[in-house]
2 protein chains.
Amino acid sequence: LAATTSLASANDELVEMQQNAKNWVMQLGNYSATRYSELEEINKDNVGDLQVAWSFSTGVLRGHEGGPLVIDGVMYVHTPFPNKVFALDLNDNGRIIWRYEPEQDPNVIPVMCCDTVNRGVAYGDGKIILHQADTNVVALDAKTGEELWKTQNGDPSKGETGTMSPLIAGDKVLVGNSGGEFGVQGHMTAYNLETGEQEWRAYSVGPDDQILLDPENTTHLGEPVGENSSVDTWEGDQWQLGGGTVWGWVSYDPELNLVYYGSGNPGTWNPAQRPGDNRWSMTIFARDLDTGVAKWVYQMTPHDEWDYDGVNENILVDMEIDGEQRKVLFHPDRNGFAYTLDRETGELLVAAKYDPAVNWATEVVMNEDDEQYGRPQVVAEYSTAQNGVDVNSEGICPAALGTKDQQPSAYSPETGLFYIPTNHVCMDYEPFQVSYTAGQPYVGATLSMYPAPDSHGGMGNFIAWDAAAGEIVWSVEEPFSVWSGALATAGDIVFYGTLEGYLKAVDMETGEELYRFKTPSGIIGNVNTYEHDGKQYVAVLSGIGGWAGIGLAAGLTEGTDGLGAVGAYQSLSDYTQLGGQLTVFSLPSE
Amino acid sequence: LAATTSLASANDELVEMQQNAKNWVMQLGNYSATRYSELEEINKDNVGDLQVAWSFSTGVLRGHEGGPLVIDGVMYVHTPFPNKVFALDLNDNGRIIWRYEPEQDPNVIPVMCCDTVNRGVAYGDGKIILHQADTNVVALDAKTGEELWKTQNGDPSKGETGTMSPLIAGDKVLVGNSGGEFGVQGHMTAYNLETGEQEWRAYSVGPDDQILLDPENTTHLGEPVGENSSVDTWEGDQWQLGGGTVWGWVSYDPELNLVYYGSGNPGTWNPAQRPGDNRWSMTIFARDLDTGVAKWVYQMTPHDEWDYDGVNENILVDMEIDGEQRKVLFHPDRNGFAYTLDRETGELLVAAKYDPAVNWATEVVMNEDDEQYGRPQVVAEYSTAQNGVDVNSEGICPAALGTKDQQPSAYSPETGLFYIPTNHVCMDYEPFQVSYTAGQPYVGATLSMYPAPDSHGGMGNFIAWDAAAGEIVWSVEEPFSVWSGALATAGDIVFYGTLEGYLKAVDMETGEELYRFKTPSGIIGNVNTYEHDGKQYVAVLSGIGGWAGIGLAAGLTEGTDGLGAVGAYQSLSDYTQLGGQLTVFSLPSE
Ligand SMILES: O=C(O)c1cc(C(=O)O)c2c(n1)C(=O)C(=O)c1cc(C(=O)O)[nH]c1-2
Ligand SMILES: O=C(O)c1cc(C(=O)O)c2c(n1)C(=O)C(=O)c1cc(C(=O)O)[nH]c1-2
């Protein structure tokens, strides 16, 4: 009982802490995943004077995703494999208070699809939770680094790995698995924060009791999903290799007690091997935190033919849509449509292309009475399923890595706009027959990628998005995909990083560039901000890698290597080299 | 003949280029090795406003020694093993113009005594010369990175490796070898800059024809060395394992046409196995550039019993000594004495302790009529030879890594002072019998190191030294050895880096700290400065390692590991982690 009380208050504690702009207690800034900070010392007028306050090399190379947490004068920095964690003392020049250096079997490296990335640690109730590449979930004492508990979340020998950042909500640690390119069955699991014991596990695909759907009360676009809603959309036992892994971001609405996250691609990239809608891959889940049972689901890309994983962030804001104030969930999907849903009911409010290059579908049907309601209307020319096995479908936009991948967006309550780091990349996609061997790639398609044709020549844009209207407000052209998470602040500015290594600050209203600084290596980390000793700081991890940087990170040079990403990003090596550094910025002191 | 002309003018070109403060054309700034710059935009009054202009990750971890060269808008950055070289375009935000990534057998790593360091590339006649760990000397086209020639300078299978920075003088590339801990025979070799052909090779120990000494005209303290001056000071054939490797810095006096450098420790650290003075290990050589023949030699530490390699930099300045203007060579030796010699004649002018902790010798005899003239007077208690094999001699100061190791000093013509990064470390030293196996460590002593007792508790000082008086003018206490090369400028400031990772600027007159910035990783690189587009920049490589940082660099934890250095520097891991970054500083633009 004592433990329960302490954990109930841990929940309250985090709900409160995430509102304190001085700290940065969770990867996306707060439960709503807005990546917005009320700090305003650094603002539109002075951000041009920003300078580097200090820096820290993690001692690890390859892609550094996520970012540091800051809690009451201590900064927690994580690294890609081997997933070291450092607690740095902000009161003593970043001196290392403790470090945790797990021993991990390097055999996990080749079964990580998209570099050895890790999207960061989580904090709750005096603990730092680390999700290792080998799927171990570890609780560390935030003060000492001591290991409190450790539990294995998956089986790397079958291709299950860990890259996602856990979210702590209530007395639970929520953590998913990776391995969609290895035919694993995706799941989200809740562990007890105090003990590490498993409280529930919800698969994305499979029988109802595995996916924790209530046939009568779980809804899809307002209708009960019914029995066997997943299994019935797969041929035979293919769902067992069905993917739908959970490697993206999780958000939480404490009032509704619902957690939100998306599932990844269905297993094998060759659509011919899995006729059907392949539910619930490519789906947003709204699950009850306590039981794991889904309140509603929404599948963005039924029967995926392009690897448009549905795992991107879900940003929870209240906004006016068609004159009505709604509790919405905003989800800029990999498939190039940005979705606005009612987060209580799962009602689809807006679905619009957030990159004009998107061509694989014409629209998402918004008429509730249409039998195609909520479904993207696929363009035959770009349908790799219709074109068939061993046929190269050319010019599909976006590429497999989507109009946006793992890089999280920001939202400003002042402008009511979403700030989205995007990819502007297209692809050729040739499916082929593949057979399954546990622990071996189960991909079944050859891809090549290139900048969106007939456009600005670059492979990315940083955009401001009006989610109610479904319109781009402004767009900054970038030579490479923007693979870094954005930060919006009350200083009327938005920050993001670029693959060449620039930290940039732009005017929230216009997108005008106000500041840039070349950090040591390409940025795929997420910018954050905190206050220490009365001063505002901005922090970001550099370290080129991730899927876009896989060529550099893993030393690949063949264009179709790295699941097709190597060719497009080849020239990145003219701008940056591997790294692993934290850079912390502030205004000059008077 | 055409080639000769071009090379003669290459020589003239470099003599001129090294006087242009806008570039940084050689590792020590100029042929005189002063590491002094006439640039003064950044000065005593504004250095406190210094900020980071940009940064670059090399993509390589472990110890980054040396520093970048800057030649007409292009910066050349090198790395430790595998010794990559990058040409960065200063006119285009440090974009990579070309990169050279040699393939090297990693088997060379374990035969590098003191981390996988490299002290930097050299420039001459449109070529960048790289000295690889595996002893290959490579000439690259400075414009394209194309390999022009490549020659092997030694045999890694016998423990010969490459870490020193070549010096280009006249039409020659001067390069030595490492491997004093593997019983190799040290040598300095001159290669033709145009063709890579060997022009002369001068061993440090051995028969006269190998060491290029002229028995009648080569002098030691004013006297001809006579025949067999080296071989006669070794027992039997021990000279063949005699060390005297040449891994430090080279300087050059174009007027005298003499090159200056020192040789390292005699082979095996167990002095009992090599009775005699072990000439010419631990010796400064003044050699004719054209022929390689020595004009004079001076042995600092006859019959070494402490590993006090004589390879430290030789700074060539003109100064008044005892009322007389002299062309001097200044050499702060590892043994704790700072030597001032007449660089034309080799006359010994001053020899004084530059750390009061030095206790292994009382003095260097300065009376020319004394038979001990020029020799340190060893204190019996600290004589590992007198105490004998398998006896642990305790409390010897300095430790084997000396009062100063490879970290080069700076000199300011304004103050007439030398600015010396020092170690303040003592040791216990226990020699043991060792037998020789080619390619295996040939050390024969167990060491442990610790901060100089009864002092400030730290392991380093940064000092200003009056070489005429033989006196410390001021001294800044540092927690760790200062393993970074200093830079003095006309702005009345001196820069240096620390093992925790700070770049510091101090007042040239007083040592008062004016600026510090925490770079990503510990600094063992050498600070330099250049001007680009009318603006002054300061640049330094971070990346903890070298002998002092070998524990972190190679993952060693036993106190006596890393030739005894691991224990003393253990707490470095509370401050910094491995790295490999260039950080470039400038003043804020108006
Ligand atoms: O299906 C999966 O299990 C899975 C896992 C991951 C991952 O864990 O990093 C990525 C993807 N898929 C993926 O499709 C993708 O685009 C991707 C990009 C990245 C990245 O970090 O840059 N990871 C992943
Ligand atoms: O005897 C040799 O051949 C040799 C080589 C080297 C080297 O090449 O780095 C060092 C030393 N000795 C040495 O004695 C020493 O203190 C040392 C320090 C370092 C360094 O880079 O930190 N290298 C070396």
Side-chain angles (χ1 to χ4, degrees), chain A residues 48-62 64 77 79 84 86-89 92-99 101 500-503 516-523 542-545 552-553 555 571-589, chain B residues 48-62 64 77 79 84 86-89 92-99 101 500-503 516-523 542-545 552-553 555 571-589:
Chain A
D49 297 332
L50 211 61
Q51 59 181 47
V52 181
W54 57 282
S55 50
F56 175 76
S57 174
T58 66
V60 177
L61 299 174
R62 301 189 65 159
H64 280 58
V77 179
T79 76
K84 301 186 187 189
F86 302 98
L88 306 183
D89 189 347
D92 188 9
N93 297 301
R95 194 191 147 109
I96 303 168
I97 300 171
W98 55 258
R99 52 185 186 282
E101 307 188 342
E500 308 109 293
Y502 288 106
L503 176 81
R516 69 159 73 188
F517 174 84
K518 186 98 186 269
T519 70
S521 179
I523 300 180
S542 301
I544 190 73
L552 264 170
S571 68
L572 258 184
S573 61
D574 294 340
Y575 294 89
T576 196
Q577 295 289 307
L578 293 195
Q581 299 89 6
L582 173 81
T583 309
V584 181
F585 301 79
S586 66
L587 292 172
S589 29
Chain B
D49 299 330
L50 210 61
Q51 60 182 47
V52 181
W54 56 284
S55 50
F56 174 75
S57 175
T58 66
V60 178
L61 298 175
R62 302 190 64 158
H64 280 60
V77 179
T79 77
K84 302 185 184 188
F86 303 97
L88 307 183
D89 189 348
D92 188 9
N93 297 300
R95 197 191 145 108
I96 302 169
I97 301 171
W98 55 257
R99 52 187 186 283
E101 306 188 344
E500 305 110 293
Y502 288 106
L503 175 82
R516 68 158 75 185
F517 174 84
K518 186 97 188 268
T519 71
S521 178
I523 301 179
S542 301
I544 190 72
L552 263 169
S571 69
L572 257 183
S573 60
D574 295 339
Y575 294 89
T576 197
Q577 295 289 307
L578 292 195
Q581 300 90 8
L582 173 79
T583 309
V584 181
F585 300 80
S586 66
L587 291 172
S589 29

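Each chain gets a letter, A, B and so on, in the order its sequence line appears, and its residues count up from 1.
- Put simply, of B/Q51, B/E500, B/Q577, B/K84, the one with the most heavy-atom pairs under 4.5 Å next to chain A is B/Q577.
- If you measure heavy-atom distances from B/F56 to chain A, the contacts under 4.5 Å come from both the backbone and the side chain.
- With a threshold of 4.5 angstrom between heavy atoms, B/R62 does not approach chain A through any atom at all.
- Put simply, CG on B/L578 and CG on A/L61 are 9.0 Å apart, with the number rounded to the nearest 0.5 Å.
- From B/S589, atom OG reaches atom CG of A/D49 across 9.0 Å, with rounding to the nearest 0.5 Å.
- Of the inter-residue distances, the one linking A/S521 atom OG with A/Y575 atom OH reads 15.0 Å to the nearest 0.5 angstrom.
- For the set B/V52, B/T519, B/D574, the count of heavy-atom pairs under 4.5 angstrom toward chain A peaks at B/D574.
- At a 4.5 Å heavy-atom cutoff, B/T583 makes no contact with chain A through either its backbone or its side chain.
- Taking chain A as the reference chain and counting heavy-atom pairs below 4.5 Å, the highest number among B/G59, B/P520, B/G501 is found for B/P520.
- Interface check for chain B: of the options A/G522, A/S573, A/G543, A/S542, the most heavy-atom pairs under 4.5 Å are formed by A/S573.
- The part of A/F517 that comes within reach of chain B is its side chain, from C-beta onward, which places non-hydrogen atoms under 4.5 angstrom from that chain.
- Under the side-chain contact (heavy atoms from CB on, under 4.5 Å) criterion, A/D92 pairs with A/D89, A/R95, not counting sequence neighbours.
- A heavy-atom distance below 4.5 Å is found between the side chains of B/L88 and B/I96.
- Every residue two or more places apart in sequence or in another chain that forms a side-chain contact (heavy atoms from CB on, under 4.5 Å) with A/A87 is listed here: A/V74, A/Y76, A/I97, A/W98.
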